[in-house]
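Below is one structure, written out as structure tokens; comments come after it.
None of the values given here were measured: they were computed from a predicted structure. Within every chain, numbering begins at 1; the chains are lettered A, B, ... in the order of the sequence lines, protein sequences first and strands thereafter.
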Number of protein chains: 2
Amino acid sequence: MSDGRNGPVTIHDVARAAGVSIGTVSKALNNTGSLAPATREKVLAAVKALNFRPNVLAKSLHTGLSGTVGLISNDSFGRFTMPIMEGLEGVLSENGMGVFMCNATDDAEREKAHLEQLLAKQIDGIVVTSRRADRRPAVDLQGIGLPVIYVFSHSDDPDDLTLLPDDEGGAFTAVSHLIQSGRKRIAHVTGPDHFEAVRLRQKGWLAALAQAGLPPGPILHGEWSEAHGRALTTELMVGPFRPDAILCGNDRIARGAADALRESGLRVPEDVALVGFDNWKVMVEACRPPLTSVDMNLRELGAETGRRMVQMIRGTPQSGTIRLPCSLVLRDSA
Amino acid sequence: MSDGRNGPVTIHDVARAAGVSIGTVSKALNNTGSLAPATREKVLAAVKALNFRPNVLAKSLHTGLSGTVGLISNDSFGRFTMPIMEGLEGVLSENGMGVFMCNATDDAEREKAHLEQLLAKQIDGIVVTSRRADRRPAVDLQGIGLPVIYVFSHSDDPDDLTLLPDDEGGAFTAVSHLIQSGRKRIAHVTGPDHFEAVRLRQKGWLAALAQAGLPPGPILHGEWSEAHGRALTTELMVGPFRPDAILCGNDRIARGAADALRESGLRVPEDVALVGFDNWKVMVEACRPPLTSVDMNLRELGAETGRRMVQMIRGTPQSGTIRLPCSLVLRDSA
DNA sequence: CTAAGGTAGGAAAAGGTTTTCCGATCGCAG
DNA sequence: CTGCGATCGGAAAACCTTTTCCTACCTTAG
């Protein structure tokens, strides 16, 4: 239903159709200035008839704001980035803004190239996300004052804003739940301890035990895989400490643990209770029994990132490290 | 290292610094027109000194091309969308273009809103992706001639360009491999047959069997889950047809099958060989034994989408349905 | 030495929108 | 009936870049 001729319909076409000037059309569209109701309606009718859509580029050129945020992922759009993106995109699109995707894959060269592209595209802000092994150098903005948020990723500059799940709190909640349901001997099987998250979850585990006056069980580190979950759990069960519950560093380890326990004749949760971490749907549901797990609420983390980004773009600077709560999702394993 | 004052540095600042006109700066930057080498260098030096970055918005306003493609996902950035995005983004960013992410979640209302936003942002093309249960109505472009590609998703308009993995060929390859390794009684445990992919994979399975003169085994449909993989496999094994191999509709079903077989005392692959579909890393690796699986090469599918999108934007129209080959990744289960 | 041709670089328009500023018209009051 | 004020709407600049066209200068050849 475009007019069918000579390319895109512009504000000039609308002005001509409505018999007014382009300034008037602009005012009618944006509800600015003072216009007679009749004029406004006349313009809006023409807008509708011509199916006019204001060119955002032209507007951006004028306002200096493009309504676009760049998302630089170092996770190759992996499992953790997805829900974050989803939350972020949801909030931003509600505010009429969009998200530009870039995949840097931990390659500093690529990241720099993407950054150049984003800056040239006049983005209003940058969100950096990653696999979160450790703190990363701050993005080099070359002195351009642009809002940046690190989410599920940690800048080494304390003046930056960083958003993370509360790993420690999540582990604390999980272990407290185990204690409340009567468990007294709680071990921890988890990932490599060069992950900050691993150290924090360990801290939460210890804190909950200490609060209840229970002795800390053993902690075993391995890779984030089911195979290691099985192996470490088997190792744990033949040791002197006979756990009646295991806090697992992630769902894959937990699932490996569940398999190992079942195959060695132990029942979950009767003999040993199990809590995972990530609440990854396919894992927790496929686990036998379905796995109780800590959800990092990544979607909400992304949404919060979006809200704060909007605020920053509107002029409220923010900094510091903020941790958002995790929640425990109960199923059958604990 | 921006000049520190009065906002972003523009082409005017560069012109002033180099002592030339803005037109000359533009020519130096784009290698157009005729300029004395000395002048060109003088300008480039000023560009560097001021850290000037041309405003893409202004350029786009002039050329009518924004260098941006919109990606509308109905998969909530799910597991299948990710690698496609990755391939797409890789190719486009090599061509200096960017990807705008939109999550429509199969909500026609949201999709329309996103489409409006994208059109207003003057995108040069649209990529639509989804969970691919069935053909979907073509995106309503309201007569605006804009390149559209449906990938892992199927438009109901044959004049649109649709890119899909060759499900039939993938299944054919998998079954042929089973036959070549001596299997003669090959069953098929798969997902709900309202998926086009399910019907196509079934076709490939039958074709490979027919080519080898083998009788078709039973086909069992269920949900795409491990639990159904286990249940259907158990059901299959107590039936009259004693399969020595199973083609599974996806990796989750295959993993369920592997568990069911192992737990009923059968060995994989010695007694029953297993092939999955999707080659989903966490599944195939966690499977015991590691799963041989058909890879849909989604990353390459995304890359091809990017290449064709670039061609379309440059003026070469394309249409029809194109299926890209799958490949069989051998591990221990077959 | 003069004229012609070629080349370097500048001026200005175009691209679509917002916004400011100003003029004109209408109505009402004196 | 005249004048003032308020309100409506138009003209034009600004945002930043590209590109076309043109001028001026230099070189070379006659």
*Using salt bridge (Lys or Arg N to Asp or Glu O under 4.0 Å) as the criterion, list what pairs up with A:R110, not counting sequence neighbours.*
B:E89

*Atom pair distance, as rounded to whole Å: CD1 in A:I11 and P in C:dT19*: 11 Å

*asked:* Using five pairs at each end of the helix from C:dC1-D:dG30 to C:dG30-D:dC1 to define an axis, what is the angle between those two axes, to 10°?
replied: 70°

*For B:F100, check ring-ring contact (aromatic ring centres under 6.0 Å, His included) against everything at least two apart and list the hits.*
A:F100

*Can A:K48 and A:E41 be counted as an ion pair, charged N to O under 4.0 angstrom?*
no

*Please state how far atom CZ in A:R53 lies from atom P in C:dT17, giving the value in whole angstrom units.*
11 Å

_Can you pull out every ring pair (Phe, Tyr, Trp, His ring centres under 6.0 Å) where at least one residue sits in residues 11-33 of chain A? Sequence neighbours excluded, please._
none

_Residue list, ring-ring contact (aromatic ring centres under 6.0 Å, His included) with A:F80, at least two apart or on another chain_ = A:F152

*On DNA chain D, reading 5' to 3', which nucleotide is the first and which the last to sit with an atom under 4.0 Å from a heavy atom of chain B, could you check?*
D:dC16 to D:dT20

*Kindly write out the residues that satisfy side chain to side chain donor-acceptor pair (under 3.5 Å) with B:E116, not counting sequence neighbours, or none if the list is empty.*
A:R53, B:Q142

*Tell me, please, which residues at least two apart from B:T81 pass side chain to side chain donor-acceptor pair (under 3.5 Å).*
B:D75

_Sequence neighbours excluded, every pair satisfying side-chain hydrogen bond (donor to acceptor under 3.5 Å, both in side chains) that has a member inside residues 90-104 of chain B_ = B:N103-B:T105

*Mind checking side chain to side chain donor-acceptor pair (under 3.5 Å) for B:R308 and listing every partner two or more places apart, or none if nothing turns up?*
B:E304, B:Q318

*Let me have a per-nucleotide readout for nucleotides 9-15 of chain C, 5' to 3', with B, S or -, counting only protein heavy atoms under 4.0 Å.*
BB---BB

_Any residue meeting side chain to side chain donor-acceptor pair (under 3.5 Å) with A:T39, in chain and number order, not counting sequence neighbours_ = none

